[in-house]
Amino acid sequence: MNVTGYLTALDREGRLLAEAATTAGTDAPVATRPGWRVRDLLTHTGQVHRWAAAHVASGNGGPPVQGQTAKAVFPPPRTRSWTGSARATPTSSTP
């Protein structure tokens, strides 16, 4: 798959995640991750996307800094739109 294909897939899957989160509600449990709620999944996904986008935008070209995690770099979301904005504007780190 080429870069455009990956970006298209990320956008499509992100939209599907947002639709599912809206339908289920943020307090709904995540069946495949015991103890997690939809809000936890959205937080995790949004942080990972922002972390990856920041790494790409840095122009580093090498592997990410060892020990640096998405959670340490970006705060948790305040809304579902925060998670979606990581797809729409991959270099943005503000909610």
Side-chain angles (χ1 to χ4, degrees):
M1 187 182 304
N2 62 27
V3 172
T4 301
Y6 285 118
L7 293 175
T8 299
L10 280 170
D11 184 58
R12 179 187 64 244
E13 297 301 317
R15 288 177 194 279
L16 291 171
L17 176 62
E19 289 173 19
T22 298
T23 299
T26 57
D27 286 329
V30 176
T32 57
R33 185 72 169 127
W36 276 34
R37 301 282 177 202
V38 168
R39 84 171 54 79
D40 301 317
L41 179 62
L42 294 175
T43 297
H44 173 75
T45 302
Q47 288 173 334
V48 168
H49 285 187
R50 281 176 165 71
W51 172 82
H55 177 69
V56 170
S58 76
N60 179 16
V65 177
Q66 186 173 0
Q68 186 182 46
T69 66
K71 193 170 190 173
V73 177
F74 300 104
R78 291 185 283 217
T79 65
R80 282 188 297 275
S81 64
W82 179 87
T83 303
S85 71
R87 280 187 345 277
T89 354
T91 58
S92 172
S93 64
T94 56

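Residues satisfying the side chain to side chain contact (heavy atoms under 4.5 Å, CB included) criterion with T23, sequence neighbours excluded, are absent altogether. With sequence neighbours left out, the side chain to side chain contact (heavy atoms under 4.5 Å, CB included) criterion links A28 to A24, V38.
Taking every heavy atom of both residues into account, T26 and R37 meet most closely at O-CB, 3.6 Å.
Atom-to-atom distance recorded for L42:CG and Q47:CD is 11.0 Å, nearest 0.5 angstrom. Rounding to the nearest 0.5 angstrom, the gap separating the CG atom in L10 from the OG1 atom in T45 is 10.5 Å.
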